[in-house]
Amino acid sequence: MSFTISETIAWLRNVHKDGADKVFTMYLNTDRSDKEQQGGEWKIHFKNGMRNFEKYLKQDSNKEELANFQKVKKKVTNFIKEHEQSFQKGVIVFASADDDVWFAKCVQMRLKDEFYWQETPEIHQLVELRERYPKIGVILVQQNQVKVIDSETNRIKDTKVFELDVDTEDWKVQGTRRVHTTGAGGPNMQKDNFASRFAANQQRWYKKIAPRLDKLAKDYQWERIYLIGEADSTKELEKSMNKQIDAVLQKNMLDHEETKVLEEVLA
């Protein structure tokens with residue numbers, strides 16, 4: 001099961017190690033757009049961060065704790081090597097030698113380089129990320145089409161597109177692929193009579209899809225919901241949904257890239 005950031009924070013708050021057992025925390029800036037990262041400086045920061053702990057533990061002659069750290073170092077290093085090609089802006093890791101703690105995530109936000117080896121996880125940057133980038137759902141509506149974007153920590157996790165078959169009046173999932181139609185109302189509907197039919201039936205049509213959107217909001221565990229579209233469509237859909245809409249943007253953005261939509265929402 002994939003935990004949300006809020007669930008991860010709640011879990012980490014209850015983690016506490018004793019004696020030679022410790023928890024490793026790493027926040028690593030890997031943002032290639034950062035002028036200080038143009039030469040892959042993150043590799044040096046990662047190497048130095050790990051080496052400093054190892055050097056200290058060797059000087060302290062704590063063989064058991066050193067062995068625990070080296071186990072964690074190996075696991076974290078393997079994760080870095082396996083995911084280096086898909087790095088985004090940052091990497092967050094929480095790990096323990098006994099595998100009781102393991103959380104490793106590449107994120108789409110810039111981080112401040114920090115390394116910790118202590119009894120508890122250091123979660124302050126994770127808390128800041130949750131506050132800045134909650135788990136959100138974006139619902140874009142444009143007459144007989146609805147797109148849903150699931151996002152967490154500024155990263156798109158899933159996208160669904162629904163299109164109304166005006167002949168059967170059923171909303172069908174089209175995945176992430178837009179359907180090319182012969183008119184604004186679909187392949188079996190001519191453009192000239194769609195507007196009047198839409199105006200007469202939009203309330204009933206949106207009531208049919210609203211429960212599915214409410215269920216997605218529950219399944220995705222959205223903390224905030226944004227609704228984007230023209231005034232009449234957003235108004236009808238908002239009235240039909242049980243879930244609270246946190247903000248409405250009256251813009252046509254259904255055809256925009258999902259990343260651009262997120263930028264607009266989180267601006």
Q) Roughly how far, to the nearest 0.5 Å, is the CG atom of Leu227 from the CG atom of Leu249? A) 9.0 Å
Q. Which word best sums up how the rings of Trp117 and Phe24 line up, parallel for under 30°, tilted for 30 to 60°, or perpendicular for over 60°?
A. tilted
Q: Report yes or no: do Ser233 and Tyr206 form a side-chain donor-acceptor pair below 3.5 Å?
A: yes
Q. Is any side-chain heavy atom of Lys58 less than 4.5 Å from a side-chain heavy atom of Leu66?
A. yes
Q | Note: Glu84-Lys43 ion pair, threshold 4.0 Å (strictly below) | A | yes
**Q.** Under-4.0 Å salt bridge between Glu236 and Lys207
**A.** no
Q) Taking atom types as modelled, is there a side-chain donor on Asp246 or Tyr226 under 3.5 Å from an acceptor on the other? A) no
Q: Report yes or no: is the cationic atom of Lys243 (NZ for Lys, CZ for Arg) under 6.0 Å from the centre of the six-membered ring of Trp222, at an angle within 45° of the ring normal?
A: no
Q. Do Gln145 and Glu163 have side-chain N/O donor and acceptor atoms under 3.5 Å apart?
A. yes
Q) Does any non-hydrogen side-chain atom of Ile139 lie less than 4.5 Å from one of Leu213? A) yes
Q. Can a salt bridge be assigned to the pair Lys218 and Asp214 using a cut-off of 4.0 Å between side-chain N and carboxylate O?
A. no
Q | Ring centers of Phe87, His83 separated by less than 6.0 Å | A | no
Q: To the nearest 0.5 angstrom, please state how far the CD1 atom of Ile209 sits from the CG atom of Leu164.
A: 8.0 Å
Q) So does Glu230 pair up with Lys251, basic N to acidic O under 4.0 Å? A) no
**Q.** Joint cluster assignment, Val76 & Ile44, ILVMFWY side-chain distance < 4.5 Å
**A.** no
Q. Can you say whether the rings of Phe103 and Phe94 are parallel (under 30°), tilted (30 to 60°) or perpendicular (over 60°)?
A. tilted
Q: Could you tell me whether Lys71 and Asp98 have a side-chain N and a carboxylate O separated by less than 4.0 Å?
A: no
**Q.** Pairing of Glu152 and Lys157 as salt bridge, 4.0 angstrom limit
**A.** yes
Q) Strictly by modelled atom types, are Glu114 and Gln125 linked by a side-chain donor-acceptor pair under 3.5 Å? A) yes
Q | Minimum side-chain heavy-atom gap Ile149-Leu140 below 4.5 Å | A | yes
Q) Should Lys160 and Asp150 be marked as a salt bridge (Lys or Arg N to Asp or Glu O under 4.0 Å) after you check the CA-CA gap, both sets of side-chain angles, and the distance that decides it? A) CA-CA 9 Å; Lys160 294 184 185 299; Asp150 175 48; over 6 Å; no
Q.
Under a 4.0 Å threshold between the charged nitrogen and the carboxylate oxygen, would Glu54 count as salt-bridged to Lys73?
A. yes
Q.
Heavy-atom count check: over 12 atoms from other residues, nucleotides or ligands less than 6.0 Å from Lys47 NZ?
A. no
Q) Does Lys17 NZ have over 12 foreign heavy atoms under 6.0 Å away? A) yes
Q. With a 4.5 Å limit on heavy-atom distance, are the side chains of Leu126 and Tyr27 in contact?
A. yes
Q. Side chains of Lys22 and Tyr116: closer than 4.5 Å at any heavy-atom pair?
A. no
Q) How long is the span from the CD1 atom in Ile123 to the OG1 atom in Thr8, to the nearest 0.5 Å? A) 10.5 Å
Q: Please examine the side chains of Ile92 and Leu129, heavy atoms only from C-beta on, and report whether any two atoms are closer than 4.5 Å.
A: yes
